[in-house]
> 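Just dropping this structure here.
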Amino acid sequence: MRPILLSGHERSLTQIRFNRDGDLLFSVSKDKIVCAWWSANGERLGTYNGHQGAVWTVDVSPNTVLLATGSADNTVRLWNIKTGECVKVWDFPTAVKRVAFSPDGSKLLAVTEKRMGFLGTIAVLDINYGENLEDQAAEPSLKITCEDSKATVAGWSFPRQTGDQLLNVQVHEFDSQINDIQFSSDRTSFLTASKDKSAKLLSVRDLNILKTYTADTPLNSASITPKKDYVILGGGQAAMDVTTTSARQGKFEARFYHKIFEDEIGRVRGHFGPLNTIDVHPPSYFDFMYEVEREQMRK
Amino acid sequence: MAPSFEQLSEQDLHEEEEEEIDFSDLKAQFEVKADEGLDTFVVIDGLPVVPEDSKQKLIKFLLRKLNTVGNTSEDAVFMPVSDKGMSEGFAFVEYETPEQAVAAVKQLHGVPLDKKHTLAVNKLMDIERYGREGRVDEEYQAPPVEPFKEKEHLRSWMGDSSARDQFALYRNDKVGVFWNNNGPPKGTFLASVHPQGVQLWGGASFSKQKQFPHPFVQLIEFSPLEGYLTTWSARPIQVEEGQPILTNEEDGKNIIVWDIESGKPLRSFVSHDLAAPPTGEEDVAPKKKVQWPAFKWSADEKYVARMLQGQSLSIYEVPNMNLVGRTSVKIEGVSDFEWSPATVTREGVKQYEQLLCFWTPEIGSNPARVAMMSVPSKEIVRTRNLFNVSDVKLHWQSQGAYVCVKVDRHSKSKKSMATNLEIFRVKEKGVPVEVVDSLKDTVINFAWEPNGSRFVLITTGEAPAGAAVGPKTGVSFFATEKKGSTAGNFKLVRTVEKKTSNGIYWSPKGRFVIVATVHSQSSFDLDFYDMDFEGEKVEAEKDLAANLQLMKTVEHYGVTDVQWDSTGRYVVTSASVWTHSMENGWNLHTFSGNTLSENPTEKFKQFLWRPRPPTFLSKEEQKQVRKNLREYSKEFDEEDKYAVDIANTAVVETRKRVLSEWVAWIRREKEIQAEEKDVFGLPEDADSPKHARDAPIGGSDEGEAVVEEIVEEIIEETEEVIG
């Protein structure tokens with residue numbers, strides 16, 4: 001497989017997301033710009049301009065109508081994907097570190113950072129796909145305040161109503177932040193990626209640790225492949241953590257592990273900086289097959 | 001099975017050392033009652049009985065002896081006189097300090113006064129304590145015999161059916177012992193150093209064997225036959241009340257020589273190299289380097305010697321720890337010494353001897369000198385004078401057959417340096433010395449082949465001023481000329497130039513040698529050489545007892561240490577966090593340089609193979625084994641194959657199990673999920689996206705997507721110049 005290099009951003013990327021069909025890829029970066037790309041050939045479809053600070057997070061509604069972005073300018077913006085217009089801006093007291101649509105697309109969550117005396121919160125916004133996309137509720141329908149901890153990332157299982165805390169489990173080492181959470185397609189489990197150099201697969205229902213994948217470098221992102229039982233981990237020494245970083249020392253590789261057996265299968269080299277974000281093409285243009293398997297399929 | 005990291009609990013490592021063992025009997029035995037205040041008095045017995053008028057004469061005579069160990073005066077000696085006007089044959093003496101009294105007891109007890117009389121010196125307190133009636137039972141009572149407790153076999157690992165070797169890993173704060181699945185002195189014990197002292201571990205389950213309570217011990221060393229252990233601490237020992245094993249004798253000492261069998265100190269010493277006690281300001285006291293090993297053992301453990309830099313050599317007899325001939329050997333300027341690593345029999349020398357070599361630098365107009373001394377006669381058997389010497393290093397060959405004296409010499413102007421090798425042929429008559437002076441550069445490293453007569457050395461030129469990288473080095477191999485039964489002269493086999501190497505690591509069995517670049521930041525190569533290559537020989541080297549061949553070059557990023565296992569089959573190269581924190585871990589190679597495994601380990605510190613004791617097989621038996629090696633190896637190959645099969649099956653089995661568990665879990669989770677959806681009254685399709693006005697629903701009903709990809713490939717490219 002040939003890698004396609006998407007060069008359009010001027011600063012480091014913070015998150016990438018495929019839409020549900022997999023034909024589009026959205027990327028956000030610290031350079032305040034949101035880009036949309038054709039995933040097939042890496043051509044840039046367009047940009048969404050308007051944010052005043054580094055854009056931390058992006059998510060696409062499941063029907064590829066709306067795009068939500070969260071930024072260090074303390075706003076969540078909702079965009080019409082087709083036209084590129086900004087249809088709604090929500091203001092928050094602090095930077096927004098993560099946005100995510102619920103699986104049915106009816107809700108959007110936003111994680112705000114704990115900073116400047118404000119506690120971290122998770123706000124849930126109702127999303128309306130009616131005639132006029134600008135017609136969105138101004139206030140969140142639910143607000144969860146994280147009093148004890150500093151929320152960094154969040155995701156949806158399937159919607160419930162209350163917002164009460166059901167469980168609180170420490171799965172990673174103390175003081176090593178969880179940098180990413182990604183759910184399996186059936187929402188039974190999710191994968192965490194942590195600074196403590198490990199990724200863990202947790203059960204959604206009871207937060208039991210199902211699997212642990214140990215790497216030799218701090219992890220920034222982890223993803224579960226929809227086809228085959230693989231997980232992909234990415235990370236690497238952050239440039240600010242070391243004085244002299246050679247590509248060899250930094251460990252800037254994407255690591256493939258077997259989801260069930262926890263074994264490392266292989267690595268993909270190519271980056272010369274830490275991997276900040278990983279997403280897997282949903283309908284899988286790429287089938288995660290070995291060449292032998294593909295040949296067998298053709299016969 | 002040896003304990004692994006997982007099985008080693010915190011408790012194993014730190015606690016219980018104090019609690020478990022019942023010290024109370026020892027406590028009672030060694031308890032000191034300091035409150036009696038008669039510490040400065042000693043009682044001297046065994047004096048001649050003299051009439052009162054010659055008493056003063058006797059006291060004066062006695063004082064001469066008494067004042068050799070401390071300060072006392074005529075007034076402080078009280079010699080009682082009986083009714084008959086004769087002395088009683090004993091005297092009370094008061095010393096200035098309790099230490100002097102102790103010294104008097106130690107040094108004067110049993111010392112002859114004249115031909116007929118021998119002094120018996122005891123502390124007054126001891127006489128009070130034991131000498132009174134009833135204090136000591138008149139009748140001898142045999143101490144109860146402890147029931148015999150079976151100890152674990154201390155060399156159980158030698159009995160492993162596949163002859164695997166063990167190694168110890170030091171990582172983070174834990175030590176683990178592993179089997180090597182592939183193959184100090186003798187490796188009976190594993191010693192670990194704790195603030196309370198040294199702990200020896202041994203046996204199949206690594207149980208505690210002995211403890212040596214030297215507080216704040218920092219360095220330890222085993223003697224060559226594992227009979228003794230030397231420990232050192234920068235802090236002088238402060239013997240506290242209730243310390244069962246250490247006595248007042250150890251107070252203020254830094255070094256203790258222990259008998260491993262009994263677990264008791266043989267003798268303790270103040271280390272020579274420590275700076276004088278700091279006066280007031282402790283922080284500014286000069287920190288001198290400790291000389292370690294402070295005590296060097298002769299090959300058969302009968303003697304142990306220590307050097308007082310520039311002054312003398314003290315050779316002690318073991319186990320009574322008395323100086324050989326009661327005095328140290330005064331050698332002006334002595335800079336270093338080395339015992340022969342094996343008991344050597346020189347030609348024409350019948351009586352038992354151990355050899356040691358030492359050297360002295362140039363002092364005034366006297367030349368520098370390298371000499372060989374025979375112990376216990378303390379006779380110099382061979383000396384050699386040298387001029388323009390900057391430094392000397394002594395290298396014994398492992399069987400004691402040769403001593404190579406590496407002499408760094410400077411030219412008259414002291415501007416350029418060169419190295420000579422002076423090789424003493426110890427086993428030949430008169431100890432002839434051969435000089436190798438063909439080297440133009442300084443030698444930075446030198447190593448004998450174990451049990452052989454070949455050596456490798458590394459030379460380097462002057463470092464260009466201000467250069468970031470060190471100068472290139474050259475690796476030279478030397479061997480003897482073939483000359484009948486005796487080894488001929490040492491000749492250069494080959495020199496490999498333009499290397500960066502700085503370390504030489506011979507296989508413990510000889511023949512193979514690794515020349516490596518260690519502790520370097522830019523190159524990490526390991527060259528595996530074979531000295532007896534079984535192939536075509538270069539014509540020019542026909543007369544030499546070597547056929548040099550570079551087998552393989554391996555790189556190990558950041559390598560700091562190279563360790564051969566004691567059978568010479570495997571080599572471990574490691575990168576320790578003690579030197580740098582980049583990619584710490586260890587790699588395992590075969591003797592020929594094939595890398596078997598790579599083990600990156602976080603915070604990796606040290607790798608140590610467990611040494612093996614020498615074989616019990618006779619030379620003939622060893623030959624027999626070598627002859628039938630093929631058959632044996634067949635057996636082992638089969639065993640290996642079997643083990644691999646078992647391991648593979650086990651992996652497949654676990655994978656099957658894990659997979660079925662996973663499938664079952666997913667099935668159950670999905671059922672629960674569906675149930676919960678029912679409970680919350682959500683429709684089945686709650687997860688699917690909501691319909692929107694202007695977007696088709698994503699998903700499967702769209703049919704197959706056709707993706708066109710244009711791939712351009714350059715088949716040929718030609719360049720033409722037009723015009």
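A note on names: the letters A, B, ... follow the listed sequences, proteins ahead of strands, and every chain is numbered from 1.
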> Which bit of Ser184(A) is near chain B, if near means a heavy-atom gap under 4.5 Å: side chain, backbone, both or neither?
neither

> What part of Ile4(A) lies closer than 4.5 angstrom to a heavy atom of chain B: side chain, backbone, both or neither?
neither

> Can you pull out the residues in residues 653-662 of chain B with any heavy atom less than 4.5 Å from chain A?
Arg655(B), Val658(B), Leu659(B), Trp662(B)

> Please collect all salt bridge (charged side-chain N to carboxylate O under 4.0 Å, His left out) contacts where either partner lies in residues 58-68 of chain A, sequence neighbours excluded, each pair once.
Arg17(A)-Asp59(A)

> Is Leu210(A) close to chain B through its backbone or its side chain, or both, or neither, when contacts mean heavy atoms under 4.5 Å?
side chain

> side-chain contact (heavy atoms from CB on, under 4.5 Å) with Ala68(A): which residues, sequence neighbours excluded?
Leu78(A), Val99(A), Phe101(A), Leu108(A)

> Could you tell me which residues satisfy side-chain contact (heavy atoms from CB on, under 4.5 Å) with Asp525(B), sequence neighbours excluded, listed by chain and number?
Lys499(B), Thr500(B), Thr517(B), Ser523(B), Asp527(B), Thr553(B)

